[in-house]
Structure formats: C-alpha cells, structure tokens
Amino acid sequence: MKKFILGLSFGLAIACSSVAFASGSIQALLFPVSFEMNGSNIGLNNDYKVLNVDGHAYVPIRFIAENLGATIDYDTESQKIFVKNRNLDITDPDYKGILVGNLILTKVGINTKVTGQLKMEGVGNTKNMIGASLSFYNDKSEKIGDIAINGNEFGVDAQTFVSEGSGDFRAYSAVNLHIGVVNNQIVSEAPSIVYENNKHNFTLKLPKTWEGNYEVVNIVNEDSGTDNYHFIDKTNKDGYGGVIFTISIWTKEEWIKNGPTAIEIGQIYKIGEDGDNVFTLSPPGDVEYDPHDEKLKAQYSSMSNQINKIKTSFKLKN
C-alpha cells in the first residue's frame, strides 16, 4: 500500500541541517529519530522515513495515525487525506458486544474502498472469527452500497479492516451493521413486524419484540403544518414522554426553509421524499424514561437502540 508522507511540523529545533528549496521541490535530510507514544517505544521500519526540512521534523502520517489507533486513507479524486480516531459507535442491535466505526470511504476506480475498525467486548485475549456486512443508504433510505467484513483476528482491541464495494457510495446518509457469523456460528436474522401508514403511504420495519409494547401518537404542528408520528414505549411513560423516535412529514417548502436550522439544533435525519412531502426521523431531545427504574430504563434503551435499523427500513408503498 502506498505510503503518504505529510509534513507534520512539531516545531523541533534540529541543528546542523541545511535545506535548499527549488521550484516545486525541496531537499531534505533523513532524520534518525525514535518515537515514544503513550509510554511505549516504537521504531520505524524500512517503509517509513522521518525528514528534517528547515529545522522541522516531517513525519509519515500513516505511521503516526496507526500507532495512535486511528484509521487513515487517501482519496485520489478529492486529493484529501482522512484520519479518524473516535469511539466506535456502529452496532447491530440484534447482536450485542461488537462495535464498528472510524469509517473512511475512498474512491478506487468504479468502486468504494472502506477502511474501518471493529472490536468485540468481553472476550479477553482471544481472537475471534467474524463475518459481517455494512450497508450504506442515501437520504431516501435507498441502499447505495455494501461491503463484507471478514476476519479471524478480532478481539477487545480495535482491529482495522479494509473492504471494497461496487459503485460510489461515499456520500452516504446512514449505515447499518449486520453480524452474520461469529466463530463459525450463524447469527439468525431477527424477526420483524411492519408498521404501515396509509395516510402518507409509507412503511417501517419494527422488531417483533416491539409487538404490543408501542403505540403511535399523531400530532400536527399548527404553525408549520408538519405531521408528526411519535412512536412511544407505552409501558414506559409514568410521567415521562416515552417517545422512542418521531417520523415527521414536512412540505418541501417548509423543509427548505427550516430543515437546515432543525438539523443544526438537534438530531434529525431525512429518510425519504415523495412529491411535495419530505420525511424525517428524529430521536427525542429530552429524557423519556425514569432513570431510577432500571427495568424500564433497560427496556427503553433496548428499543431505542433499534432506531438506526428502523430508519433505513423506511419504504414508500407503490
């Protein structure tokens, strides 16, 4: 894999170095240096070199990023280097303990390359086999690409994976993780039920475990005319709202006028469009359960963890 070296100026005063600059090029000296990162000594291999340019150390960014636990890649089309080092936050709500994140999508010919990280919780030092997939969706809840994740070395430390999918889906709006196999044991698809809205001609897939445990409350905003459908954990109100998520139907004019502000203020996702209607999904902004009731808190949390999967199940009826 091609290594890309960018100048990261650390402000190191390096004596005894002279550099001559020419048009469109520089002359640099190799800088023999070792690294200590978070208390660990890390040596450079033959793939990497550190340069001394005008008294500053220019370090291979891939070497630094990977040794700090980040993902990194370069997109030729945009001429941009991406580095990500956040908490892993993509989960399969039907299989606990596996986390994915720090996704970087780059164009490779007619395909999209996905670099990311995966880790398993509670497995100690064991190495585990995982077969999974990531599906990518646009803001109309249409699947625009997917990749496979396969490996035998996954454990409690984040492991980097690289995979490719057909087409260009870098500008995705939502992503779903599905765990298919763990240590050669097939993970069955969780059963679902269908919520059908005949007024606005759409459906959602909900977990079968929700059956009998939720209700939908329809409230129209008199000022904007937005039609809101609040999906509520009906066993978990007791003075709290119990709202798990809300589907809102905006006029296109209202969405163009106020949608960007709504996105800035809180979490709101466009999930579909039909004629003059724009469909969005948003989680609640307030605490919707009694935090002192552990049983109800756990139930609400289990239901709310399904939101991302539900979001991408949105379909307009033919």
- Between L316 and F314, is a side-chain contact (heavy atoms from CB on, under 4.5 Å) present by the stated rule, with each step listed? CA-CA 7 Å; L316 290 167; F314 174 89; 3.9 Å; yes
- Task: Take K143 and N138 through the test side-chain hydrogen bond (donor to acceptor under 3.5 Å, both in side chains) and record every step on the way to the result.
- Result: CA-CA 7 Å; K143 188 162 77 168; N138 62 18; over 6 Å; no
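- Side chain to side chain, Q299 and D233 meet the donor-acceptor criterion of an N or O pair below 3.5 Å.
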- Does the side-chain contact (heavy atoms from CB on, under 4.5 Å) test come out yes or no for W210 and M303, once each step is laid out? CA-CA 8 Å; W210 283 32; M303 295 178 81; 3.6 Å; yes
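- The closest donor-acceptor contact from the side chain of N183 to the backbone of M129 lies under 3.5 Å.
- One hydrophobic cluster holds both V216 and L204 under the rule that ILVMFWY side chains link at heavy-atom gaps under 4.5 Å.
- Under the 4.5 Å side-chain criterion, counting only non-hydrogen atoms from C-beta, L118 is in contact with I98.
- More than 12 heavy atoms of other residues, nucleotides or ligands shown are found within 6.0 angstrom of CD on E164.
- Pairs passing the salt bridge (Lys or Arg N to Asp or Glu O under 4.0 Å) check and including a residue from residues 119-140, sequence neighbours excluded, read D139-K270.
- Between K315 and S141, the shortest heavy-atom distance links the atoms NZ-O, 3.8 Å.
- Side-chain atoms of T235 and N213 include no donor-acceptor pair closer than 3.5 Å.
- Counted within 6.0 Å of CD on E196, heavy atoms from surrounding residues, nucleotides or ligands total more than 12; the atom is thus considered enclosed.
- Summarising the geometry of A132 relative to N150, their closest heavy-atom pair is N-OD1, 4.3 Å, with the distance given to 0.1 Å.
- Using modelled atom types and a 3.5 Å distance limit, the side chains of D227 and N218 yield a donor-acceptor pair.
- Aromatic ring pairs are classed by plane angle as parallel below 30°, tilted from 30° to 60° and perpendicular above 60°; the pair F202 and Y229 is perpendicular.
- Hydrophobic clustering places I193 together with I307 (ILVMFWY residues linked when any side-chain heavy atoms are closer than 4.5 Å, directly or through intermediates).
- I104 and I81 fall into different hydrophobic clusters, defined by Ile, Leu, Val, Met, Phe, Trp and Tyr side-chain heavy atoms under 4.5 Å apart, directly or through other members.
- The pair K257-E253 does not meet the salt-bridge criterion, since no charged nitrogen lies less than 4.0 angstrom from a carboxylate oxygen.
- Under 4.0 Å is where a charged nitrogen must lie from a carboxylate oxygen, and between D89 and R86 no such pair does.
- Side-chain contact check for I144 versus Y137: every heavy-atom pair is 4.5 Å or farther apart.
- Ionic pairing of K309 and D94 is present here: one or more N-O contacts between side-chain nitrogen and carboxylate oxygen are shorter than 4.0 angstrom.
- With D92 contributing its side chain and I179 its backbone, the two residues share a donor-acceptor pair below 3.5 Å.
- Between P60 and V50 the shortest heavy-atom distance is CD-CG2, 4.2 Å.
- Residues I61 and V83 meet the side-chain proximity criterion, which asks for heavy atoms closer than 4.5 Å.
- In this structure, S166 contributes its side chain and N111 its backbone to no donor-acceptor pair below 3.5 Å.
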- Message: What verdict does the side-chain hydrogen bond (donor to acceptor under 3.5 Å, both in side chains) test give for T115 and D73, after you've listed the backbone C-alpha separation in whole Å, the side-chain angles of each residue and the deciding distance to 0.1 Å?
- Response: CA-CA 7 Å; T115 303; D73 211 345; 3.3 Å; yes
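- P291 and K297 make their closest contact through O-CD, 4.0 Å (heavy atoms, listed as atom of the first residue, atom of the second, distance).
- Residues N258 and S224 have side chains not in contact (no heavy-atom distance under 4.5 Å, counting atoms from C-beta outward).
- Counting only distance, with no hydrogens or angles, the side chain of S34 and the backbone of G43 share no donor-acceptor pair below 3.5 Å.
- Tested against T280, the residues W250, W255, Y269 include a single side chain to side chain donor-acceptor pair (under 3.5 Å) partner, W250.
- Proximity of the aromatic rings of F63 and F35 is defined here by a centroid distance below 6.0 angstrom, and this criterion is met.
- Residues F136 and I147 form a side-chain contact, since some pair of their non-hydrogen atoms from C-beta on lies under 4.5 Å apart.
- Residues L206 and V194 are not in side-chain contact: their nearest non-hydrogen atoms beyond the backbone lie 4.5 Å or more apart.
- When hydrophobic clusters are built by joining Ile, Leu, Val, Met, Phe, Trp and Tyr residues whose side-chain heavy atoms come closer than 4.5 Å, directly or via intermediates, F31 is grouped together with I64.
- Panel note: side chain T71, backbone N102; a donor-acceptor pair is recorded below 3.5 Å.
- A 6.0 Å sphere centred on CD of E222 holds no more than 12 heavy atoms belonging to other residues, nucleotides or ligands.
- T246 and H230 share a side-chain donor-acceptor pair at under 3.5 Å.
- S133 and D146 are not linked by any side-chain donor-acceptor pair at a separation below 3.5 angstrom, with hydrogens and angles left out of the test.
- Judged by distance alone, the side chain of T112 and the main-chain N or O of G167 form a donor-acceptor pair under 3.5 Å.
- Using modelled atom types, one side-chain atom of D75 and one backbone atom of K107 make a donor-acceptor pair closer than 3.5 Å.
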- Task: Please assess T226 against E254 for the test side-chain hydrogen bond (donor to acceptor under 3.5 Å, both in side chains), listing each intermediate value before the final yes or no.
- Result: CA-CA 8 Å; T226 305; E254 184 69 21; 5.2 Å; no
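- Formation of a donor-acceptor pair under 3.5 Å by the Y300 side chain with backbone atoms of D290 is not found in this model.
- Between the side chains of N176 and N308, a donor-acceptor pair is found at a separation under 3.5 Å.
- Counting all heavy atoms, side chain and backbone alike, P284 lies closest to I244 at CD-O, 3.2 Å.
- Within the 4.5 Å cutoff, side-chain heavy atoms of L51 are placed close to those of L30.
- When atom types are taken as modelled, the side chain of N236 and the backbone of L296 share a donor-acceptor pair closer than 3.5 angstrom.
- Counting heavy atoms from C-beta outward, M120 and V182 have side chains that approach closer than 4.5 Å.
- Judged purely by atom type and a 3.5 angstrom limit, S163 uses its side chain to pair as donor or acceptor with the backbone of A148.
- Summarising the geometry of E288 relative to V243, their closest heavy-atom pair is OE1-N, 3.0 Å, with the distance given to 0.1 Å.
- In this structure, L177 is a member of the same hydrophobic cluster as F154, with clusters built from ILVMFWY side-chain heavy atoms closer than 4.5 Å.
- In this structure, Y195 has its ring center closer than 6.0 angstrom to the ring center of F231.
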